[in-house]
Amino acid sequence: MKFFVSFVMCLLLLNGFTTAQNLILDSCKKASARDAQLKLDFCVQSLESDPQSKAATTLEGLVIASAKSAASKTISVKGTIQRILNDKKASAGIEMILRDCVELYGDATDSINEALTSVPSGDYDTVKVNLSAALDAPANCEDGFMEKRHQKSPFANEGNICRLKILIPLAFTNML
Ligand SMILES: *[C@@H]1O[C@H](CO)[C@@H](O)[C@H](O)[C@H]1NC(C)=O
């Protein structure tokens, strides 16, 4: 009997692990099939490297974890831009555009945090509005560089990764 109980517990535990693993893969597959901008590999790698996303057991849990991870990324891009601003040589002639970008990324962090407050109540429309607003920040920042300097920003790659990280919780919210 004791043996049997242990055996069943073991099976349940194993089953729990598989479910968590499949949640990320299944959700990313569905999201990337619906939105060509979101690549399956990027989605899976991004979530697998985040402990809270790995621990999520529901799609709603994944929305929360991936939104938090995206918010961290907006803060880290803002930090990158501030470091460039502090460097007189690197920021010469582009201070204004950089300052606009600092504000855009700051607003994006606020929008994602506001989106997070609407998840528990199931107000997914507001979640989508707030995440969509955040999603525009990296592109609007790049547009500033293109329009005024006819070149990419010095942090274009990081900005693009940030954009894709915001796209993940938005795509998942569309599946709820
Ligand atoms: C979030 O969405 C709500 C509802 O549309 C809106 O009123 C609010 O201004 C948004 N907040 C942010 C920070 O984008």
Side-chain angles (χ1 to χ4, degrees), residues 23-24 27-28 30-39 42-47 49-86 91 94-149 152-176:
L23 180 65
I24 289 180
S27 307
C28 283
K30 224 183 260 176
S32 60
R34 292 164 62 128
D35 188 339
Q37 291 180 77
L38 187 58
K39 297 282 174 274
F42 177 87
C43 181
V44 171
Q45 275 165 26
S46 175
L47 298 179
S49 64
D50 171 46
Q52 199 184 341
S53 297
K54 276 187 92 165
T57 53
T58 62
L59 185 55
E60 193 179 283
L62 262 191
V63 167
I64 293 171
S66 60
K68 283 184 183 169
S69 173
S72 302
K73 190 66 188 171
T74 59
I75 293 168
S76 102
V77 179
K78 190 174 149 182
T80 298
I81 304 171
Q82 264 158 345
R83 275 194 296 281
I84 299 171
L85 265 171
N86 291 338
S91 63
I94 53 171
E95 298 95 335
M96 291 293 285
I97 317 173
L98 289 170
R99 276 185 226 291
D100 283 346
C101 288
V102 165
E103 201 177 316
L104 285 167
Y105 276 94
D107 289 347
T109 313
D110 293 344
S111 293
I112 298 171
N113 284 334
E114 192 159 339
L116 278 163
T117 65
S118 299
V119 178
S121 61
D123 183 2
Y124 300 134
D125 285 337
T126 302
V127 174
K128 285 180 218 169
V129 169
N130 290 150
L131 287 178
S132 299
L135 187 69
D136 287 340
N140 287 342
C141 166
E142 282 305 311
D143 285 350
F145 277 89
M146 274 301 167
E147 281 164 19
K148 299 188 182 94
R149 306 296 299 182
K152 284 187 185 177
S153 75
F155 49 87
N157 283 342
E158 196 184 351
N160 190 45
I161 289 170
C162 182
R163 194 187 124 74
L164 295 172
K165 285 192 79 118
I166 301 170
L167 197 55
I168 294 175
L170 180 58
F172 287 176
T173 307
N174 281 321
M175 290 154 40
L176 280 169

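First listed ligand is number 1; within each ligand, the first listed atom is number 1.
- Distances from atom 11 (N) of ligand 1 to the protein include at least one heavy-atom value under 4.0 Å.
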Please report the C-alpha distance between Tyr105 and Gln82 in whole Å, then the side-chain angles of each, then the deciding distance to 0.1 Å, and finally whether the side chain to side chain donor-acceptor pair (under 3.5 Å) criterion is met.
CA-CA 11 Å; Tyr105 276 94; Gln82 264 158 345; over 6 Å; no
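- Within the set Thr117, Asp110, Asn130, the minimum heavy-atom distance to atom 3 (C) of ligand 1 is found for Asn130.
- In terms of protein heavy-atom proximity, atom 9 (O) of ligand 1 is nearest to Glu114 OE2, 4.5 Å.
- Checked by atom type and distance alone, the side chain of Arg34 pairs as donor or acceptor with a backbone atom of Asn174 at under 3.5 Å.
- Nearest non-hydrogen protein atom to atom 5 (O) of ligand 1 is Val129 CG1, 3.5 Å.
- Atom-to-atom distance recorded for Lys73:NZ and Ile166:CD1 is 11.0 Å, nearest 0.5 angstrom.
- Side chains of Ser53 and Ser66: a donor-acceptor N/O pair is absent below 3.5 angstrom, by distance only.
- Rounding to the nearest 0.5 Å places OG of Ser46 at 3.5 Å from NZ of Lys165.
- Nearest non-hydrogen protein atom to atom 4 (C) of ligand 1 is Thr126 CG2, 3.9 Å.
- Atoms of ligand 1 found under 4.0 Å from any heavy atom of Ser111, numbered from 1 in the order shown, are 12 (C), 13 (C), 14 (O).
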